Amino acid sequence: MNTTIKIFDTTLRDGTQGEGISLSVEDKLKIAQKLDALGVSYIEGGWPGSNNKDIEFFIRVKELSFKQAKVTAFGSTRRKGTRAENDPNLNRILEVGVAAAAIFGKSWDFQVHTAIQTTLEENLAMIYDSVHFLKTNGLEVIYDAEHFFDGYKTNPEYALATIKQAEAAGADWIALCDTNGGTLPHEISEIVKTVCQNIRTPIGIHAHNDCELGVANSIAAVMAGARQVQGTINGYGERCGNANLVSIIPNLQLKLNYDVISSEQLASLSSIARYVSEIANMHMPINQPYVGSAAFAHKGGIHVSAILRDSSTYEHITPELVGNKQRVLVSELAGQSNLVFKAQELGLDFDTNNQQTKQLIEQIKEMEHQGYKFEGADATLELLMRNAYGLLEEIFTLESFKIMVTKSVGHPVLSEAIVKVKVHGETVYNAAEGNGPVNALDNALRKCLEKCYPGIQNMHLADYKVRVLDDKNATAGKVRVLIESSDFKNSWSTVGVSENIIEASWQALVDSMRYALLSQSRTDHQPEEQRERVGLVNH
Ligand SMILES: CC(=O)SCCNC(=O)CCNC(=O)[C@H](O)C(C)(C)COP(=O)(O)OP(=O)(O)OC[C@H]1O[C@@H](n2cnc3c(N)ncnc32)[C@H](O)[C@@H]1OP(=O)(O)O
Ligand SMILES: CC(=O)C(=O)O
């Protein structure tokens, strides 16, 4: 049988110590439910001795029912020179009515002298009294040995003596903390092995990421005998963050065959990582291992050619195991294989030996040279591909547009656009206002199209990015505009490049609308005549 590893999630406590992260009680409750669904054993919800928000979380979380996760309250050992039963922080833990508590105490003699300014003997008593107090009150106790590895390296006898106090007082777990994140994997491994020889209580690991070793150190600790791993979703946490559970869990389960969570739960990893990043309002790096959108994205033509034959040529696992998916990017580094893959995705019948394919690759490479970027503009690429194969009818063509931006003192800036387009051979023009010139253009173009295509009103522009391109060769003086659009079910991205920001925006805007009409008619099951009008019917 495989060894079981318990996951202790501290996203809601140590995760919120990360710069830029602040979670409301509602946010914490939502994340807690996702963590339970993911299969973690402990959810450290906050520090009731610290603030009322955390107290409210512990009160409201009781209305939820969890499958297996134990809601855990955090705190420190009693203050020096006091009694545990009189310590407000320990009493808050009892008052919020949790089944488990994690309390941290000092392991490093330097911290005892400098940070809490007491004697080594008093610190030992603080640890014993605090764990004993919580145990006597019926809680499961996880004792977090703060700075354990640094403490062990300077005074191993004392560091061991601190956790022996926790063990003698009945701690259920002793989590060894690399609080400053400065320890290396081989040191973690040696020290955890030694601790396991000296302590009967199960050992946990709590690593920080200051040397970018949070994940490696957690794994080294497990391989040396630790049976609980503490960490956070996406590695959020104080300074450089905590050990990232989103990488630790699949590493332990898929590479080392530990029992951590079920395979169904593992398949929810990507969506939970993205959900937490949304709620925390933190950008999710595209190259985040396992769960980032680029984690299984292939760009180089050589790679794509090989994965078409067998994905494992350039993928270390099947992306679906962690709920992610394979993607292929098209850029100036693409060969025919990239386009073949894209064509298969789009259901287009592509012939690699075809002259049109070769021309399309050349066109894409030239456009990338001019400053276009297709890897972030899937919809523009699709339109280009359909067009290259004669599968896209021009729905509308521009005759002219005019933009006026007026600023009168004491009034907000007013943007107006007049757009004249030809829709199915008929000239249509409309004027519209907007909160900026691009918004005004968007509104005016929509008005021109809505009579023939009422569905255009269901889409909206979700994001607009401008990038000034490097001042060299073909891209000198140009800007690239990326527009992300959405119709509440799907989202798509388009790109435009020009010396003029309005012109670049217009290109991206037009592609966005053309793509919207294309996908609407794809899903609307319209009569063939109408589908033909948006270029869906192959001739
Ligand atoms: C490694 C970690 O991540 S530990 C968690 C760190 N997280 C946080 O600090 C976030 C929440 N913290 C807080 O809200 C506040 O710091 C509180 C409410 C806990 C304490 O606030 P204050 O009473 O104002 O104390 P303050 O934060 O200034 O100083 C820390 C105090 O805790 C004491 N202390 C620190 N660690 C310990 C410990 N393990 N056991 C007992 N006391 C400790 C210090 O000695 C100091 O007390 P002193 O000034 O009497 O010597
Ligand atoms: C307990 C804790 O958060 C630490 O030592 O890093």
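Since this is a predicted model, take the numbers as computed values, not measurements. Order of listing sets the numbers, starting from 1, for every ligand and every atom in it.
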of all protein heavy atoms, closest to atom 51 (O) of ligand 1 is Lys80 NZ, 3.8 Å
Can you check atom 36 (N) of ligand 1: any protein non-hydrogen atom closer than 4.0 Å? yes
So the atoms of ligand 1 within less than 4.0 Å of a heavy atom of Ile116 turn out to be 34 (N), 35 (C), 36 (N), 37 (C), 43 (C), 44 (C), 45 (O)
Heteroatom distance test (Gln17, ligand 1): nitrogen or oxygen, under 3.5 angstrom: yes
In this structure, atom 9 (O) of ligand 1 is nearest to the protein heavy atom Trp47 CZ3, 3.9 Å
Side chain to side chain donor-acceptor pair (under 3.5 Å) evaluation trace for Asn257 with Asn2: CA-CA 7 Å; Asn257 292 325; Asn2 296 340; 5.4 Å; no
To which of Asn51, Thr77, Thr16 does the heavy atom nearest atom 38 (C) of ligand 1 belong? Thr77
A student checking ligand 2 against Asp14 at a 4.0 Å heavy-atom cut-off should list atoms 3 (O)
With no hydrogens and no angle check, do the side chains of His206 and Asp14 hold a donor and an acceptor under 3.5 Å apart? yes
Chi angles and distances behind the side chain to side chain donor-acceptor pair (under 3.5 Å) call for Ser107, Glu146: CA-CA 6 Å; Ser107 323; Glu146 195 192 12; over 6 Å; no
How far is atom 5 (O) of ligand 2 from the closest protein heavy atom, and which atom is that? Thr179 OG1, 2.7 Å
In terms of side-chain geometry, is the basic nitrogen of Glu26 or Arg60 positioned less than 4.0 Å from the acidic oxygen of its partner? yes
In terms of side-chain heavy atoms, does Asp310 have a donor or acceptor partner in Thr313 at a distance below 3.5 Å? no
With side chain to side chain donor-acceptor pair (under 3.5 Å) as the test, would you mind laying out the steps for Glu167 and Thr201 before giving the verdict? CA-CA 6 Å; Glu167 178 168 76; Thr201 310; 2.6 Å; yes
Heavy-atom protein contact below 4.0 Å for atom 40 (N) of ligand 1: yes
Do Asn217 and Leu213 have side chains that get closer than 4.5 Å, going by heavy atoms? yes
Indicate whether any N or O donor in one side chain lies under 3.5 Å from an N or O acceptor in the other, for Gln68 and Ser41. no
Once you restrict to heavy atoms under 4.0 Å, what part of Arg13 touches ligand 2? Side chain, backbone, both or neither. side chain
Which atoms of ligand 1 sit under 4.0 Å from any heavy atom of Gly49? 18 (C)
Which ligand 2 atoms, with their elements, are less than 4.0 angstrom from a heavy-atom of His206? 2 (C), 3 (O), 4 (C), 6 (O)
Within the structure, does at least one protein heavy atom fall under 4.0 Å of atom 32 (O) of ligand 1? yes
Quick check: are there more than 12 heavy atoms from other residues, nucleotides or ligands sitting under 6.0 Å from NZ of Lys62? yes
Output yes when Lys342 and Glu345 qualify as a salt bridge under the 4.0 Å nitrogen-oxygen rule, no when they do not. yes
Atoms of ligand 1 less than 4.0 Å from Glu146 heavy atoms? 1 (C)
Any carboxylate oxygen within less than 4.0 angstrom of a Lys/Arg side-chain nitrogen, looking at Glu140 and Lys70? yes
If you scan the protein for heavy atoms around atom 49 (O) of ligand 1, do you find one that is closer than 4.0 Å? no
Side-chain donor-acceptor pair present, Asn89, Trp47, cut-off under 3.5 Å: yes
Could you list the atoms of ligand 1 found under 4.0 angstrom from a heavy atom of Arg13? 3 (O), 5 (C)
Could you identify the single nearest non-hydrogen protein atom to atom 23 (O) of ligand 1 and state the distance to 0.1 Å? Arg79 NH2, 3.0 Å
Protein heavy atom under 4.0 angstrom of atom 29 (O) of ligand 1, is there one? no
Check each atom of ligand 1 against the heavy atoms of Met126 and keep those under 4.0 Å away; list them by number with element. 40 (N), 41 (C)
Could you list the atoms of ligand 1 found under 4.0 angstrom from a heavy atom of Lys106? 36 (N)
Any N/O of Glu146 closer than 3.5 Å to an N/O of ligand 2? no
Location of contacts on Glu238 toward ligand 1, heavy atoms closer than 4.0 Å: neither
Are the charged groups of Lys135 and Asp172 less than 4.0 angstrom apart, N to O? yes
Lys/Arg N to Asp/Glu carboxylate O, Glu375 vs Lys299, below 4.0 Å: yes
Do me a favour and list the nearest non-hydrogen protein atom to atom 1 (C) of ligand 2 with residue, atom name and distance? Asp144 OD2, 3.7 Å
Salt bridge flag under 4.0 Å for residues Glu190 and Lys193: no
Take atom 18 (C) of ligand 1 and look for protein heavy atoms under 4.0 Å from it; say yes if you find one, no if not. yes
Lys/Arg-Asp/Glu bridge criterion (N-O < 4.0 Å) met for Arg79, Asp87: no
Does ligand 2 have a heavy atom under 4.0 Å from the side chain of Glu238, from its backbone, from both, or from neither? neither
Could an N or O of ligand 2 be found under 3.5 Å from any N or O of His208, whether backbone or side chain? yes
Number the atoms of ligand 1 from 1 as they appear, then name those within less than 4.0 Å of a heavy atom of Phe74, with their elements. 5 (C)
Protein heavy-atom contact under 4.0 Å for atom 7 (N) of ligand 1? yes
Protein contact to atom 14 (O) of ligand 1 [nearest heavy atom, distance to 0.1 Å]: Ser50 OG, 2.7 Å
Could you list which atoms of ligand 1 come closer than 4.0 Å to a heavy atom of Ala115? 45 (O)
Should the pair Arg13-Asp54 be classified as a salt bridge under the 4.0 Å nitrogen-to-oxygen rule? no
